[in-house]
Amino acid sequence: MSTSAQPQFRYTQTPSKVLHLRNLPWECIEEELIELCKPFGKIVNTKCNVGANRNQAFVEFSDLNQAINMVTYYASSSEPAQIRGKTVYIQYSNRHEIVNNKSPGDVPGNVLLVTIEGVEAGDVSIDVIHLAYLLTVLQVFSAFGFVHKIATFEKAAGFQALIQYSDVQTASTARDSLDGRSIPRYLLPSHVNECYLRISYSAHTDLNIKFQSHRSRDYTNPHLPVNPTAMDGLHQPVVGPDGKKKEFESNVLLASIENMQYAVTVDVLNTVFSAFGAVQKIAIFEKNGGTQALIQYPDIAIAAVAKDALEGHCIYDGGYCKLHLSYSRHTDLNVKAYSDKSRDYTIPMQQATGWQNPPAASAVGYTSGGVPQAHAQAAPSSSWFPTMPAGGQTYMSSPSSFPGQAYGAAPPAYAAAAIPPFSSPNAHPAPGAPQTGGSVPLHQPNGPPGGSPHPSQSPYYGS
DNA sequence: AGCACA
């Protein structure tokens, strides 16, 4: 048989122990393929997420008759083959074995290679703030476990990032959940259109991050020097289009909280401000009869995004706890690691008391405060996975549960998490999913977001 | 909805 002969009509094709399946849901995983096919015989190999839409797959049976059984069964069955409710079309492959089952990018590792399609290298106007947004987008990856390092770069394939986790398990959970999803428009600069995440495994195991910069981060080493040149544009006074110098910028924000009808705790602030990037430290204090807080980020870019996005917004619906933000003159806060008025998240928590600081805190929505929802809202990674435990466990217990549908299962306190998650091209909004729009508080007053520390747990002060 | 990989 010549392999170059490409039969036009597949139904005339000669049987093969390899079957070609199409019209699969893109999320389809190997287990689901096996589930569907194993009643007909022994599966010796599979290849899923094939093709431009990643909706095709190959399954290889141990012998030809098993493949024939499956094809003939579904050819005459009144019940079509289905995965996740989608009818799966089955035919003989024009090859007789699956070769090279795994491409290098499919070999699991602890470092993910993320390509953001639609953000091209030709788009070199990828300026500092743009990159800051993309780093914000990448914060979602911390919802799956502690992200150790991020390096971003531009290649022909587009804007890419390497994201390092401690272990393969965490990385693969993140990959399985986010691969193929699109980044919501409101997270992106207006000139960027559709942006899909393509995620494969990198062969790297440990990234060598030399500086904290607008394009790289080492979260395991908060004291790593900031790249002087890369951050230049951020540290120096910025001249606006009108020629006027902008205000002094800092990685530490000063928040004044107005109309404080509800307690604003460290946890609440962490929940709200973590939507834009890893919060390093928080301190709450009283000044002139009002409550103020200092929130420290690793860099100015994230602080700038958070400041713009949150200024004038209310933590709680109804105009309560309105935030007014400015840059602090501090650059590194000296705070107690754990008190009711302060927190230092750069100190490893797991060594402490079991008190958890899940990156996935909880409901973060936005009070529009009379202003239409800005496009510049950040990625509240937290709110997308309301039921996910911290600590990197696999949360996808059911194959049909993915972030886009998580809202339906969310407890009422989280119902305000109305910021759409990364959307799947195939995902329909969850039934009963709350609608975005209107006034959505940043935080629910009686919600447990962030979880106050368990009373029985002793506070962490370091030692 | 129509054949991968390197």
Nearest-nucleotide 5' precedence on DNA chain B, A:Asn55 against A:Val18 = A:Asn55
Whole angstrom is fine here: how far is it from CH2 in A:Trp26 over to P in B:dA4?
-> 21 Å
Identify, between A:Val50 and A:Tyr89, the residue whose nearest nucleotide on DNA chain B lies closer to the 5' end.
-> A:Tyr89
Report yes or no: does A:Ser77 contribute a side-chain atom to a donor-acceptor pair with the main-chain N or O of A:Tyr73 at less than 3.5 Å?
-> no
Restricting to pairs with a member in residues 199-210 of chain A, which pass side-chain hydrogen bond (donor to acceptor under 3.5 Å, both in side chains), not counting sequence neighbours?
-> A:Lys149-A:Asp206, A:Gln164-A:Asp206, A:Ser202-A:His204
Rounded distance in Å - CD (A:Gln56) to C1' (B:dA4) = 9 Å
Here the distance between atom C1' of B:dA1 and atom CG of A:Leu24, to the nearest Å, is 11 Å
Under the side-chain hydrogen bond (donor to acceptor under 3.5 Å, both in side chains) test, which residues partner A:Ser93, sequence neighbours left out?
-> none
Pick base, sugar-phosphate or nothing for A:Glu60, based on heavy-atom distances below 4.0 Å to the nucleic acid.
-> nothing
What's the CG-P distance between A:Asn94 and B:dC3, to the nearest Å?
-> 8 Å
Could you state the OH-P distance from A:Tyr92 to B:dA4, rounded to the nearest angstrom?
-> 20 Å
For A:Leu33 and B:dC3, give me the distance from atom CG to atom P, rounded to whole Å.
-> 17 Å
In whole angstroms, the gap separating P of B:dC3 from CG of A:Asn49 amounts to 16 Å
How long is the line joining CD1 of A:Ile98 and P of B:dC3, in whole Å?
-> 16 Å
Side-chain heavy-atom pair A:Ile315, A:Leu269 within 4.5 angstrom cut-off = yes
Taking the side chain of A:Gln91 as heavy atoms from C-beta outward, which of B:dC3, B:dA4, B:dA1 is closest to it?
-> B:dC3
